[in-house]
**Student:** 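Below is one structure. I have some questions about it.
All values reported here derive from a predicted model rather than from experimental measurement.
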Amino acid sequence: AYEIGYLGLGGHSTWERAMEVTRLARTLCEETKNPQLDGLVTANEGIAYYLNGKFQRAVAILEHAREIFVTQCTGSAWEIDTIQFFTISCYAQLGMLQRLCEDAPRFLRDALDRGDFYGSVLLRVGIPNMRWLVRDDVTAAREEIAAAMSQWSKRGFHVEHFYERLALVQADLYGGDATAARARIL
């Protein structure tokens, strides 16, 4: 199932293969009737669509994947968090800022209520952090980034560090400080 998402990284050159693997995986889903597998295949198909700029289709698929995990699976916090992150990212790409501002805080509250460390970080950095900029609150955007990353490992460089940097650059640019944004990426 994860191969579908990885193939999505290849863009147009690997798209047909991604869809072929999706079809093969769907056959396994039908044979096994395993909701976890169905959710993983569906989520990774949505991620492949996202990575290829097909955001509208990605949203529909990702929302379906989330429904599978929420209603039919247990122990799927990581999968749900990842699906929610990509769904919110699609909203931003599509200009669905009201939806981003409605769902991002709801998803974050759910993660915090469940004590979900990964979700509580992922849903406060990167594109999900944009909800504060949409509300014209750069200070809150920076505070959320700092709160999230204060909990994250300082050892090594993880994707969360990339998303932290992305959110900080967005806040710098929105706040009119291109010099600070430039310094963060050089």
**Student:** What are the two closest heavy atoms between Arg124 and Ile145, and how far apart are they?
**Tutor:**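 Taking Arg124 first and Ile145 second, the nearest heavy atoms are O-CG1, 4.1 Å.
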**Student:** Got a donor-acceptor contact below 3.5 angstrom from the Lys154 side chain to the Trp152 backbone?
**Tutor:** yes
**Student:** Any side-chain donor-acceptor pair under 3.5 Å between Tyr174 and Asp136?
**Tutor:**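 A donor-acceptor contact under 3.5 Å links the two side chains.
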**Student:** Using 4.0 Å as the upper bound for N to carboxylate O, is an ion pair formed by Asp38 and Arg26?
**Tutor:** yes
**Student:** Indicate, with yes or no, if Phe55 and Tyr91 share a hydrophobic cluster defined by side-chain heavy-atom contacts under 4.5 Å among Ile, Leu, Val, Met, Phe, Trp and Tyr.
**Tutor:**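 Shared cluster, yes.
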**Student:** Below 4.5 Å, heavy atoms only, C-beta onward: do Trp132 and Arg142 meet side chain to side chain?
**Tutor:** no
**Student:** Under a 3.5 Å distance rule, please check whether Asp177 uses its side chain to pair with a backbone N or O of Asp172 as donor and acceptor.
**Tutor:** no
**Student:** Can Ile83 be reached from Leu112 by stepping across I, L, V, M, F, W or Y side chains whose heavy atoms are under 4.5 Å apart?
**Tutor:** yes
**Student:** Using atom types as modelled and distance alone, determine if a side-chain donor or acceptor of Asp116 lies under 3.5 Å from a backbone N or O of Ala111.
**Tutor:** no
**Student:** For Gln36 versus Ser76, what's the shortest heavy-atom pair and its separation?
**Tutor:**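 That would be OE1-OG, 3.5 Å.
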**Student:** Atom OG1 in Thr87, atom CZ in Arg99: separation rounded to 0.5 Å?
**Tutor:**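 It comes to 8.5 Å.
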**Student:** Within this structure, what is the OG1-CG distance for the pair Thr42 and Leu37, rounded to the nearest 0.5 Å?
**Tutor:**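 One gets 8.5 Å once the value is rounded to the nearest 0.5 Å.
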**Student:** Testing the basics here: between His161 and Gly156, what is the closest heavy-atom pair and its distance to 0.1 Å?
**Tutor:**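 Closest heavy-atom pair between His161 and Gly156: CE1-O, 3.8 Å.
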**Student:** If you look at every heavy atom in Gly46 and Ala58, which pair is closest and at what distance?
**Tutor:**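 Reported closest heavy-atom pair: O-CB, 3.5 Å.
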**Student:** Drop me the distance from Ile88's CD1 to Leu123's CG, to the nearest 0.5 angstrom.
**Tutor:** 5.5 Å
**Student:** What's the verdict on side-chain contact (heavy atoms from CB on, under 4.5 Å) for Cys29 and Asn34, showing C-alpha distance, side-chain angles and the deciding distance?
**Tutor:** CA-CA 6 Å; Cys29 291; Asn34 182 320; over 6 Å; no
**Student:** Before giving the answer on side-chain contact (heavy atoms from CB on, under 4.5 Å), spell out for Met130 and Cys101 the whole-Å C-alpha distance, their side-chain angles and the decisive distance to 0.1 Å.
**Tutor:** CA-CA 8 Å; Met130 185 186 293; Cys101 289; over 6 Å; no
**Student:** Strictly below 4.0 Å, N to O, side chains only: are Arg106 and Asp110 in salt-bridge contact?
**Tutor:** no
**Student:** Quick one: CZ on Arg57 to NZ on Lys54, what's the gap to the nearest 0.5 Å?
**Tutor:**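 Atom-to-atom, Arg57:CZ and Lys54:NZ are 10.5 Å apart.
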**Student:** Could you tell me whether Phe162 and Phe157 have their ring centroids closer than 6.0 angstrom?
**Tutor:**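 No.
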**Student:** Following the transitive rule for hydrophobic clusters with a side-chain heavy-atom cut-off under 4.5 Å over Ile, Leu, Val, Met, Phe, Trp and Tyr, establish whether Tyr163 and Tyr50 coincide in one cluster.
**Tutor:** yes
**Student:** Which pair of heavy atoms, one from Val121 and one from Ala148, lies closest together, and at what distance?
**Tutor:** CG2-O, 3.6 Å
**Student:** Report yes or no: do Thr82 and Tyr118 form a side-chain donor-acceptor pair below 3.5 Å?
**Tutor:** yes
**Student:** Heavy-atom distance under 4.5 Å between the side chains of Leu166 and Arg184, does that happen here?
**Tutor:**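 The answer is no; the side chains never approach within 4.5 Å.
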**Student:** With side chains defined as the heavy atoms from C-beta onward, is the minimum distance between Ile61 and His64 less than 4.5 Å?
**Tutor:** no
**Student:** What heavy-atom pair brings Ala92 and Leu97 nearest, and what distance separates the two atoms?
**Tutor:**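 Result for this residue pair: CA-CD2, 4.4 Å.
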**Student:** If you measure from the Lys or Arg side-chain nitrogens to the Asp or Glu carboxylate oxygens, is any gap between Arg131 and Asp103 under 4.0 Å?
**Tutor:**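 Asp103 and Arg131: not salt-bridged.
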**Student:** So does Asp137 pair up with Arg135, basic N to acidic O under 4.0 Å?
**Tutor:**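 So Asp137 does not pair with Arg135 through a salt bridge.
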**Student:** For residues Met96 and Phe107: do they belong to one hydrophobic cluster (side chain heavy atoms under 4.5 Å, members Ile, Leu, Val, Met, Phe, Trp, Tyr)?
**Tutor:** yes
**Student:** Once rounded to the nearest 0.5 Å, what's the spacing between atom CG of Leu108 and atom CD of Gln84?
**Tutor:**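 These two atoms lie 10.0 Å from each other.
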**Student:** From Glu160 CD over to Ser153 OG, what is the distance, rounded to the nearest 0.5 angstrom?
**Tutor:**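 If I round to the nearest 0.5 Å, the distance is 10.0 Å.
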**Student:** Salt-bridge test for Glu20 and Arg23: reply yes if a basic N is under 4.0 Å from a carboxylate O, no otherwise.
**Tutor:**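 No, this pair does not count.
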**Student:** Output yes when a side-chain donor or acceptor of Ser150 lies under 3.5 Å from a complementary backbone atom of Ala147, and no otherwise.
**Tutor:** yes
**Student:** Taking C-beta and beyond as the side chain, do Gln151 and Ser120 meet within less than 4.5 Å on heavy atoms?
**Tutor:**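 In contact.
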**Student:** Using only atom types and a distance under 3.5 Å, with no angle test, would you say the side chain of Thr22 pairs donor to acceptor with the backbone of Glu45?
**Tutor:**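 Here the side-chain-to-backbone pair does not exist.
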**Student:** Please determine whether residues Val41 and Ile47 belong to a single hydrophobic cluster, defined as Ile, Leu, Val, Met, Phe, Trp and Tyr linked transitively by side-chain heavy-atom distances below 4.5 Å.
**Tutor:**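 Unlinked, Val41 and Ile47 end up in two clusters.
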**Student:** In this structure, are over 12 heavy atoms from other groups packed under 6.0 Å from Phe117 atom CZ?
**Tutor:** yes
**Student:** Do Trp15 and Tyr49 have ring centroids that are under 6.0 Å from one another?
**Tutor:**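 Centroid distance Tyr49-Trp15: below 6.0 Å, so yes.
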